[in-house]
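Sequential numbering from 1 along the given sequence is applied to the chain's residues.
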Amino acid sequence: MKQPKDFEKIVNRIHQAEQWRDGNYKEDWRRWLRMYRSQPEQRREGSNIYVPYTFMMVETIKSRIANSVFANRPYLTMLPVGHGDSFRAEKIEKLMDWQMNERMGVERVYSNHLLSDLLVLGTAIQYTGWRKTLRAIKRLETIEYPLEVDGVPINGVDGAPLYITSRGPTKQNRVVYDDPEVKSIDLFDFYVDSNAENIEDARFCGHREYYSKKQLQALTKTAGWKIDWKKISGEEDSLEGGRTIRAELQQKGQSAIEVEGNGLYLVHHYWEDERHAVIINESYCALDEENPFWHGVKPYDKCCYCTLPHEFYGIGIPEMVYGLQNELNTVRNQRIDYNSMALRRMWKVRRGSGLTPKDLVWRQNGIVQVNELDDVQEIQVADLPASAFTNEGIIKQDMQDTTGCRDVILGLSATNETATTTMTKDNNASLRFKDVVTAVISQLLVPLGKKCFELDQQFMTEEKVFRLMDSKADEIFVASPFDLDGEYDVMYSGTAVDPMANKELQKQRMIEVLNVIQNNPLYQNDPQALLAVLREFFKAEGFRDYDEMLPQMSLRQSPSSSLAAENPGMAGASIGGGMLNAANMLQGINDISTGGGDIVVP
């Protein structure tokens with residue numbers, strides 16, 4: 001391939017961006033990863049305990065955010081722009097729900113990678129693209145062979161050749177994946193224009209990864225890469241970037257890293273809004289093309305846990321509590337050292353008493369002979385002061401105040417608290433994370449949905465038949481490329497608040513509503529209002545198929561229901577052809593919700 005005229009400029013941009021990143025952030029990111037893994041920076045004399053408080057807070061907040069973002073499916077709603085087709089919008093919602101969960105595994109990618117980078121390193125980078133994978137597989141099929149004798153085909157009475165059938169394996173090339181994909185890009189492998197504050201205003205950005213020669217050869221056939229192997233330098237002896245740094249934190253030897261990197265080629269992806277280039281081993285350009293995606297923007301999205309003004313990267317939890325974590329470790333280790341000193345007692349021995357240090361070594365049923373009682377005396381060590389334990393509690397409280405991860409978030413509460421008080425505290429504490437959840441949704445999840453929809457419009461050429469695993473197993477959905485026509489707005493379908501606290505509060509409110517309406521004749525004689533209350537109650541209880549749990553009654557009042565309306569004492573009369581005593585049903589549901597019974601769902 002002919003090298004672009006500005007090839008040296010591209011390589012210099014990549015080098016300068018990586019040097020700026022490594023010089024300003026690399027060592028800090030190493031330190032934050034050590035804190036998350038509870039690894040001391042350097043060993044000290046005596047006790048060397050690292051209290052895993054940072055790890056606990058990160059994992060607690062990560063679970064809180066993940067449960068809030070992915071509480072309900074589908075995650076995203078498609079709204080037609082202008083006078084769009086709402087029926088098509090519903091189909092697109094189901095298609096994207098299937099792609100995000102059954103194909104891309106968005107919840108897994110966010111929980112295991114993106115949210116970890118967000119909380120530990122302060123910044124998460126998301127890549128959204130399209131991947132089509134073919135795989136050679138074997139399947140058993142019925143195969144027909146012509147019947148032959150000594151190589152001569154045998155014909156039947158009608159003159160047609162005879163065949164014999166058998167079952168055997170056949171090799172097929174099957175498309176195993178042809179959908180959008182989402183990746184979490186390691187911050188150690190991502191580079192960006194040093195003057196940028198976000199992805200949109202960056203002149204360029206990209207990331208590096210490693211490919212084997214077989215993978216590169218496959219990309220020359222599927223992605224249009226052109227490689228002159230004579231112009232490419234040799235394979236990389238060792239890996240660089242995120243994988244190497246994490247291997248070092250796992251205390252792997254350098255030789256193990258070199259073996260792992262052997263046989264791989266370093267590939268840099270260079271992106272501008274209207275351009276994509278691929279550089280191999282920093283010496284050869286294998287691809288230089290216009291932006292292959294119709295949306296015309298860089299395929300990256302960024303989110304910061306705590307955004308810093310006029311800076312690209314944010315700060316995470318380890319950076320917030322760095323000094324406090326070190327103080328907590330010091331206090332804990334000093335207390336252990338003091339207790340160890342108290343257990344290893346010292347003695348004072350009268351000079352000339354004839355005792356040797358060996359005589360003072362503890363031994364079972366040992367006897368020490370002395371001339372005078374004060375020939376040997378123990379040096380008394382004062383008990384550990386109570387303030388040593390109080391200080392640790394103060395440090396932990398400071399860490400909780402800094403991060404907002406308080407006891408109620410950790411699942412701890414006072415023993416004399418009521419459930420309502422605990423839920424109120426839980427809801428108030430969760431307000432601290434509402435901004436973070438909102439940022440994850442608006443800066444990562446919604447942009448992911450927009451890019452996925454536009455990629456579906458661009459690359460989806462065949463009808464897709466799929467099944468949503470959280471719905472009825474026998475329900476099949478179909479989406480064709482024609483269903484993707486038009487413009488749609490993508491909106492998050494949930495609420496950016498903690499689901500557990502609000503769920504409990506909603507259940508409490510529904511119980512109060514049941515108490516109010518159970519003896520109200522207006523509700524007892526209005527099937528529509530009654531069904532609406534029951535539907536909301538079952539939703540608050542967390543049932544999925546609540547529509548099937550509702551009583552089947554006609555919404556038109558029969559003559560008997562009109563009679564019941566005129567005579568409140570006949571509230572248990574027939575409604576829509578069936579007997580329904582609304583007061584008794586509401587009373588029974590109220591008893592169940594307050595613990596007086598069980599709900600049995602077949």
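Using a 4.5 Å cut-off on side-chain heavy atoms (C-beta onward), Arg208 and Asp189 make contact. Inter-residue side-chain proximity for Thr123 and Phe190 is flagged as unmet; no heavy-atom pair is nearer than 4.5 Å. Taking the side chain as every heavy atom from C-beta outward, Tyr75 and Glu107 approach each other to under 4.5 Å. Using a 4.5 Å cut-off on side-chain heavy atoms (C-beta onward), Tyr313 and Leu187 make contact. The side-chain heavy atoms of Val440 and Leu445, taken from C-beta on, include no pair separated by under 4.5 Å. Counting heavy atoms from C-beta outward, Val278 and His268 have side chains that stay 4.5 Å or more apart. Counting heavy atoms from C-beta on, the side chains of Asp179 and Trp98 come closer than 4.5 Å. Residues Gln443 and Asp301 have side chains not in contact (no heavy-atom distance under 4.5 Å, counting atoms from C-beta outward).
Screening residues 308-327 for salt bridge (Lys or Arg N to Asp or Glu O under 4.0 Å) gives no qualifying pairs among residues at least two apart or on separate chains.
A side-chain donor from one of Arg131 and Thr133 sits under 3.5 Å from a side-chain acceptor of the other. Neither side chain, Gln215 nor Tyr210, offers a donor N or O lying under 3.5 Å from an acceptor on the other. Counted by atom type alone, Gln458 and His295 present zero donor-acceptor pairs between their side chains at under 3.5 Å. Side chains of Lys62 and Ser116: a donor on one and an acceptor on the other come within 3.5 Å. Counting only N and O atoms by type, the side chains of Glu41 and Tyr50 include no donor and acceptor under 3.5 Å apart. A donor atom on one side chain and an acceptor atom on the other are not found under 3.5 Å apart for Asn329 and Asn333. In this structure, a donor-acceptor pair under 3.5 Å is present between the side chains of Tyr300 and His207. Asp456 and Trp130 share no donor-acceptor pair across their side chains, judged by distance under 3.5 Å alone.
Between Lys450 and Asp489, no side-chain nitrogen of the basic residue sits less than 4.0 Å from a carboxylate oxygen of the acidic one, so the salt-bridge criterion is not met. Salt bridge present: Lys396 and Glu392 bring a charged side-chain N and a carboxylate O closer than 4.0 Å. Note on Arg13 versus Glu272: salt bridge recorded, some NZ/NE/NH1/NH2 to OD/OE distance being below 4.0 Å.
In this structure a side-chain-to-backbone donor-acceptor pair under 3.5 Å is missing from Asp273 to Val297. With Asp193 contributing its side chain and Asn195 its backbone, the two residues share a donor-acceptor pair below 3.5 Å. Judged by distance alone, with hydrogens and angles left aside, the side-chain atoms of Lys298 form a donor-acceptor pair with the main-chain N or O of Ile199 at under 3.5 Å. Side-chain atoms of Tyr211 never come within 3.5 Å of backbone atoms of Lys214 as a donor-acceptor pair (strictly under, hydrogens ignored). Looking at Asn198, its side chain does come within 3.5 Å of a backbone N or O of Asp201 through a donor-acceptor pair. Looking at Gln457, its side chain does come within 3.5 Å of a backbone N or O of Leu484 through a donor-acceptor pair.
Rounding to the nearest 0.5 Å places CG of Leu95 at 9.5 Å from CG of Leu468. In this structure, Thr60 OG1 and Phe55 CZ are separated by 9.0 Å, a value rounded to the nearest 0.5 Å. With rounding to the nearest 0.5 Å, the separation of OH in Tyr127 from NZ in Lys451 is 11.0 Å. Annotation: the span from Leu118 atom CG to Gln126 atom CD amounts to 11.5 Å, rounded to 0.5 Å. Taken to the nearest 0.5 Å, the CH2 atom of Trp225 stands 6.0 Å off from the CG atom of Leu216. Between the CD1 atom in Ile315 and the OG1 atom in Thr307 there is a gap of 9.5 Å [rounded to 0.5 Å].
Aromatic ring centres of Phe312 and Trp20: separated by at least 6.0 Å.
What you find for Val192 and Ala17 is that their closest heavy atoms are O-CB, 3.5 Å. Minimum interatomic distance between Thr54 and Met35 (heavy atoms only, all atoms of both residues): OG1-CE, 3.7 Å. Here the shortest heavy-atom pairing between Met491 and Leu79 reads CE-CD1, 3.9 Å. The two residues Ala479 and Phe466 come nearest to each other via the heavy atoms CB-CE2, 4.0 Å. Contact detail for Leu114 and Ala124: the closest heavy-atom pair is O-CB, 3.4 Å. Of all heavy-atom pairs spanning Tyr265 and Ser212, the tightest one is CD1-C, 4.3 Å.
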**Request:** Run the numbers on Val106 and Phe70 for side chain to side chain contact (heavy atoms under 4.5 Å, CB included), then give the verdict.
**Result:** CA-CA 9 Å; Val106 169; Phe70 301 107; 3.9 Å; yes
**Request:** Please lay out, stage by stage, how Met104 and Cys452 fare under the test side chain to side chain contact (heavy atoms under 4.5 Å, CB included).
**Result:** CA-CA 11 Å; Met104 301 161 60; Cys452 286; 3.7 Å; yes
**Prompt:** Can Trp294 and Glu454 be said to form a side chain to side chain contact (heavy atoms under 4.5 Å, CB included), step by step?
**Reply:** CA-CA 7 Å; Trp294 288 356; Glu454 292 169 342; over 6 Å; no
**Message:** Applying side chain to side chain contact (heavy atoms under 4.5 Å, CB included) to Glu93 and Thr77, what does each step give before you reach the verdict?
**Reply:** CA-CA 6 Å; Glu93 281 182 22; Thr77 299; 3.2 Å; yes
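For Asp28, the side chain to side chain contact (heavy atoms under 4.5 Å, CB included) partners two or more places apart in sequence, or in a different chain, are Arg31, Trp32. Shown here are the side chain to side chain contact (heavy atoms under 4.5 Å, CB included) partners of Ile336, two or more places apart in sequence or in another chain: Ser47, Ile49, Arg332, Ser340. Applying the side chain to side chain contact (heavy atoms under 4.5 Å, CB included) rule to Lys26 yields the partners Asp22, Arg30, Phe188, Ile245; only residues at least two apart in sequence or on another chain are considered. Evaluation of the ring pair (Phe, Tyr, Trp, His ring centres under 6.0 Å) rule for Tyr305 yields no partner, not counting sequence neighbours. Under the side chain to side chain contact (heavy atoms under 4.5 Å, CB included) criterion, His113 pairs with Ser184, sequence neighbours left out.
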